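Read the structure below first, then the notes.
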Amino acid sequence: MTEVQAPYYESRFIRANAPDAGQALWLRETLLLPAGGEPTADVWVMVFDPSGHRARKQSFPIDAADFGYEDWTARIATTSLDDTAAFGFLPDARWDLAITPGGQDPVRLLTDRAYRRRFPTAKTQVRHPLARFDGRLELADLVVDVDGWTGSVNHNWGTRHTPAYAFGQVCGFDDAPDSTLEIVTARAAVGPVLLPGVTLFVFRHAGQEFAVRSLGDSLKSHGRYAPFSWTFGARVGEKMIEGEIATEPADVIGLTYADTHGGTKYCYNSAIASCRIQVAGKAFARAELVSRGAMLEILTDDRLDDVPLLA
């Protein structure tokens with residue numbers, strides 16, 4: 001794989017929802033190069049299903065990983081992921097998925113300058129915000145036929161996880177299937193002290209893009225979250241958005257993340273959350289958009305008693 005220096009982490013992941021929003025999948029290929037300790041390559045398989053949510057994590061030596069950057073291909077042991085396919089098998093899981101990108105521009109949540117700088121320590125990009133998924137996935141006793149599911153292809157990397165955040169993503173709203181939302185309310189830290197949250201987002205709707213990507217522009221946005229409800233909004237020029245993403249603890253998968261500088265983070269993710277937003281202003285016709293297949297993820301130092309850790 002391309003040489004990277006510790007501390008470093010990288011995640012390549014896909015997520016997709018069934019047309020009726022009753023099921024969802026989330027697959028990740030990750031690298032962790034901690035400041036101290038052994039680096040690892042991990043494969044994660046998560047399925048949200050009415051019969052019960054399931055999650056698996058399989059760790060491999062870093063030598064089993066090959067992450068390409070020119071062709072954007074990730075391989076870990078018997079698994080692989082790129083822009084057009086995801087394939088793999090583990091002792092109790094296997095999947096073979098075709099990915100059809102929708103042709104939309106990638107979503108960059110930060111300014112170009114921020115991607116070049118060391119701060120923020122975590123970077124993110126959606127390579128394909130509206131992709132189609134077809135194929136089959138098996139996890140333990142569950143077999144999932146994936147036929148025309150809608151989702152995204154994503155890339156995260158950095159030297160350290162953001163200390164605390166809420167992250168949301170909508171790949172098509174119920175009555176606006178070409179509209180997308182990528183949003184985060186993130187809290188950076190100075191030493192042990194968490195700073196106030198900053199809300200950044202990219203909202204694409206009706207052929208227009210409404211985005212807040214910089215610290216300066218974030219003075220015009222707001223976001224407040226707690227497990228598992230998040231309200232947010234912004235008014236910039238002639239564009240306005242107000243919204244909420246929420247879910248129930250029963251629809252959340254809990255995961256344990258190791259950070260590059262030691263310690264444990266807890267990730268609580270639902271790929272079947274509900275999102276409701278209102279848009280207005282001269283740039284948009286006033287509308288309310290709803291999604292039953294939003295992703296809501298909260299990263300925290302605190303373990304939540306009402307959500308079991310599945311991986």
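Along the sequence shown, residues are numbered consecutively beginning with 1. Here the structure is a predicted model, which is why all the values come from computation and not from measurement.
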Original post:
Between D305 and R303, is a salt bridge (Lys or Arg N to Asp or Glu O under 4.0 Å) present by the stated rule, with each step listed?
Top reply: CA-CA 6 Å; D305 294 335; R303 182 167 178 175; over 6 Å; no
Original post:
Is R12 positioned over the aromatic face of W72, cation under 6.0 angstrom from the ring centre and no more than 45 degrees off axis?
Top reply: yes
Original post:
Salt bridge or not for D96 and R94, using N-O below 4.0 Å?
Top reply: no
Original post:
Regarding T79 and E29, is there a side-chain donor-to-acceptor distance under 3.5 Å anywhere?
Top reply: yes
Subject >> Check: N17 side chain, A271 main-chain N or O, donor-acceptor pair, under 3.5 Å >> reply: yes
Subject >> Main-chain N/O of E297 paired with Y165 side-chain donor or acceptor, under 3.5 Å >> reply: no
For residues 174-184, please give each side-chain donor-acceptor pair under 3.5 Å, one per line with the distance, not counting sequence neighbours.
unit_1, atom_1, unit_2, atom_2, d
D174, OD2, R292, NE, 3.1
S179, OG, H205, ND1, 2.7
E182, OE1, Q169, NE2, 2.8

Original post:
Between A41 and P61, which heavy-atom pair has the shortest distance, and what is it?
Top reply: CB-O, 4.1 Å
Original post:
Closest approach of C267 and W26, non-hydrogen atoms and distance?
Top reply: SG-CH2, 4.3 Å
Side-chain donor-acceptor distances from residues 210-220 under 3.5 Å, at least two apart:
unit_1, atom_1, unit_2, atom_2, d
R213, NE, R108, O, 2.6
R213, NH1, E209, OE2, 3.4
R213, NH2, E209, OE2, 3.0
S214, OG, D217, N, 3.1
S218, OG, L215, O, 2.5

Only distances under 3.5 Å count here; give the side-chain donor-acceptor pairs of residues 242-259 to other protein atoms, sequence neighbours excluded, each with its distance to 0.1 Å.
unit_1, atom_1, unit_2, atom_2, d
E242, OE1, H222, NE2, 3.3
E242, OE2, H222, NE2, 3.4
E244, OE2, S229, OG, 3.0
T247, OG1, S270, OG, 3.4
D251, OD1, H53, NE2, 3.4
Y257, OH, R28, NH1, 3.3
D259, OD1, H161, N, 3.2

Original post:
Does the side chain of T185 pick up a donor-acceptor pair with the side chain of T199 at under 3.5 Å?
Top reply: yes
Original post:
Does R204 pair with D105 as a salt bridge, N-O distance under 4.0 Å?
Top reply: no
Original post:
Could R224 and W230 be counted as a cation-pi pair, given that NZ or CZ must be under 6.0 Å from the ring centre and within 45° of the axis?
Top reply: no
Subject >> Reported CG-to-CD1 distance for the pair L81 and I99, which is rounded to 0.5 angstrom >> reply: 5.5 Å
Original post:
So, T78 and R75: side-chain donor and acceptor under 3.5 Å apart, yes or no?
Top reply: no
